[in-house]
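Remember, predicted model here, so these are calculated numbers, not experimental data.
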Amino acid sequence: MLLDVEDGRIARVLGDAHHPISAGYTCPKGRRGGDLGHGPDRLTTSMRRTADGTHEPVPVARATVEVADRLRAIVDRYGPDAVALFMGTQQNFAALTPPMARAWFKGTGSHKLFSTMTIDQSAKWVVAERMGTYLGGRQRFEDADVWLLAGTNPVVSGNGGDGDGAVVQNPSVTLRAARDRGLRLIVVDPRRTETAALADIHLAPKPGTDAVLLAGLLHVILAEGLHDGGFCGRHVADLPALASAVSGVTPALVQDVCGVPSDRVREAARVFARGRRGMATSGTGLCMGPHSNLAEHLVAALNVVCGRYLREGERADDRAVLTRHVPARAEVAPPARAYESGFRSRVGGVRAIRGELPSGILADEILEPGPDRVRALVVSGGNPAAALPDRAKALRALESLDLLVCVDPRMSDTARLAHYVIAPTTMYERADHTAIMEPFFPRRFAQFTPAVVTPPPGVVDDWRFFLGLAAASGQPLKFAGRILDPAAPPSSEQMLAMTAERGRVPFADLVAAPHGHLAGDSGAVVGPATEDAAGHRLQLLPDDVRAELRAALTEGAVDPRFPLSLVVRRIRESVNSTGIRVPGLVPGATNPARMHPRDLADLGVTDGQQVTVRSASGRVRATARADGTLARGVVSMTHCFGSLDPDDDVGVNVNELTGTDTGVQTINAMPTLTAVPVAVEPATEGRGDEG
């Protein structure tokens with residue numbers, strides 16, 4: 001980005017046309033960076049809740065000591081598992097914050113670690129644990145001739161990389177250029193999204209039926225012998241079992257269940273399988289819906305049966321510039337099912353997966369009586385009051401905590417409930433680099449940026465708060481292989497240099513490159529399998545996946561009380577709850593209930609009229625908007641809106657409509673947050689219909 005700074009404030013934000021990755025592309029959120037940093041709701045000092053429930057300023061040093069004292073008292077009385085950490089999406093945009101937050105938390109001795117990963121995409125972890133992982137690396141978008149995107153809309157969200165899509169930088173232009181060079185794009189989404197509008201094939205299944213559609217694609221590929229027999233023979237244990245399990249999921253059945261014409265199912269399967277290179281990738285639309293663990297598993301199975309991975313001798317993925325390069329090998333890390341032996345929660349017997357407990361049980365961990373009930377929660381860069389399912393229960397849980405600490409630059413819903421709000425620096429007020437973002441870059445790239453504007457005197461870098469908290473608690477903190485001295489802490493620049501020690505670009509060279517540093521080809525190639533791993537195989541159909549497929553194929557009829565499906569959508573102007581309060585950023589500044597015009601007409605509702613949206617878990621009142629991109633029977637709203645402040649007119653929170661009683665996945669306790677059965681009706685007068 002290029003910033004115009006006047007009198008110490010950001011006056012204008014522009015794209016950097018000379019930047020080797022963005023080439024000047026910006027999004028609406030980025031262009032309002034000045035408002036995010038200097039807006040009237042920006043906290044310029046930490047806050048402490050008073051006896052009457054209001055908040056008063058408190059110096060961060062004093063707040064840190066008071067928080068440490070209260071945490072120590074809770075641990076002394078109830079044990080370390082009475083303390084929890086919730087890590088939000090926003091902390092992942094600061095290279096030092098995640099490792100420092102984790103380092104502090106490790107010192108507490110608690111097992112109660114939660115993050116937004118387990119409320120939107122933990123199905124990806126489940127797949128790796130149950131199927132295993134091919135260690136040669138993924139095929140790349142840059143040389144693909146086919147790509148399938150399921151439940152993700154990168155043209156709007158800008159999300160992608162190795163997580164859930166194909167592109168991050170200037171996605172609309174990138175996708176169009178790929179199609180111009182011959183790529184065939186397949187999009188699976190119940191809405192004709194901005195990305196679907198660019199697709200060669202758009203499959204619009206009924207919400208919640210993605211797993212059946214994916215099983216149908218696999219049926220066509222395997223029945224017609226379009227799979228990669230060589231790759232499967234070397235790396236797959238049970239291909240015949242998968243073929244047998246999907247043998248009945250014919251295109252005709254898919255049409256009946258999903259509403260996708262059978263000929264389109266065949267066409268999409270053939271186009272994907274006959275492509276020379278290219279992958280199927282997925283986003284929150286799959287991971288937050290019904291049968292999400294199964295749906296994600298079947299996406300991975302598509303890639304496996306079509307052999308969409310790098311082979312021995314091919315150029316390896318070498319985007320690790322500041323981080324340590326891990327050699328690629330043409331071998332499999334077998335299924336570990338580590339969650340079967342991880343820390344066991346007293347809530348439903350759910351176990352930790354990759355060191356984290358599912359966020360879907362966080363409210364119960366706080367509310368259910370027990371010796372290790374969570375009594376203190378530290379929130380880093382997140383807003384669980386807006387993000388957790390069953391919002392009424394989530395708020396009740398947060399309000400019942402003995403201690404709630406929130407690191408946030410503004411008074412989010414979670415911050416309003418907190419005993420302490422630690423005000424951090426924002427993105428242009430701190431030094432940073434791109435180590436944490438390397439999987440999202442299409443090229444071998446790294447960048448360092450110093451602080452551009454001076455932060456308010458009352459704020460603190462997030463990482464310094466966690467270092468101070470560890471020091472005040474008397475616990476050593478290890479970072480980058482060394483114990484930090486809180487009496488003589490390193491600078492942010494020194495800390496960033498530590499994290500880049502195992503990279504291939506000297507930190508001084510990075511600092512000297514104002515537009516970032518493009519690293520050259522490392523020459524790394526995919527190596528052969530090691531002797532110990534040569535016999536490892538991927539498991540495409542373990543018994544629990546087989547059972548989940550049977551359940552998806554025998555799902556009951558639609559509840560007549562809730563004949564419509566609520567699907568959540570992303571918008572360009574916000575990242576979850578960040579940005580919704582910036583004046584003029586979100587069009588209309590609310591969260592309407594969008595429906596097909598004919599559905600509105602059938603309900604006797606006009607565009608702009610107030611409606612009540614009801615589910616088995618709750619109800620909200622919203623403004624109806626006609627949206628011709630939606631299929632019939634679908635209601636579309638954006639997640640993480642709403643406010644606890646009745647004077648904030650920022651729309652309603654869809655988690656008033658979600659619950660944790662039904663539709664919850666095994667293993668990761670993932671609730672259903674999209675494809676939620678709902679009913680819509682004209683709103684009546686009075687407050688009874690308001691969410």
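Side chain of Asp52 to backbone of Thr54: a donor-acceptor contact under 3.5 angstrom is found. Put simply, the side chain of Ser473 never gets that close to the backbone of Gln475: no donor and acceptor are under 3.5 Å apart. Between the side chain of Glu548 and the backbone N or O of Asn293 there is no donor-acceptor pair closer than 3.5 Å.
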### Message
Run the ring-ring contact (aromatic ring centres under 6.0 Å, His included) test on His433 and Phe448 for me, step by step, so that the C-alpha distance in whole Å, both residues' side-chain angles and the decisive distance to 0.1 Å come before the verdict.
### Response
CA-CA 4 Å; His433 64 39; Phe448 166 84; 7.4 Å; no

### Query
Which is it for Glu56 and Thr50 under the side chain to side chain donor-acceptor pair (under 3.5 Å) test, yes or no, and what are the steps along the way?
CA-CA 7 Å; Glu56 63 180 7; Thr50 64; 5.9 Å; no

### Message
Would Glu438 and Arg324 count as a salt bridge (charged side-chain N to carboxylate O under 4.0 Å, His left out) here? Give the steps.
### Response
CA-CA 11 Å; Glu438 287 180 347; Arg324 180 174 65 91; over 6 Å; no

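Between Asn591 and Met637, the shortest heavy-atom distance links the atoms O-CE, 3.3 Å. In plain terms, the two heavy atoms of Ala211 and Leu294 that are nearest each other are CB-CD2, 3.7 Å. A pairwise comparison of heavy atoms in Gly579 and Leu585 identifies O-CD2, 3.6 Å as the closest pair. Closest approach of Val676 and Ser615 over heavy atoms only: CG1-CB, 4.3 Å. What you find for Ile422 and Val460 is that their closest heavy atoms are CG2-CG1, 3.9 Å.
Cation-pi contact between Arg375 and Tyr78: present, with separation from the ring centre below 6.0 Å and deviation from the ring axis of at most 45°.
Ring geometry, Phe343 versus His111: the interplanar angle falls under 30°, so the pair is classed parallel (tilted spans 30 to 60°).
When side chains are defined from C-beta on, Tyr339 counts as touching Arg130, because their heavy atoms get closer than 4.5 Å.
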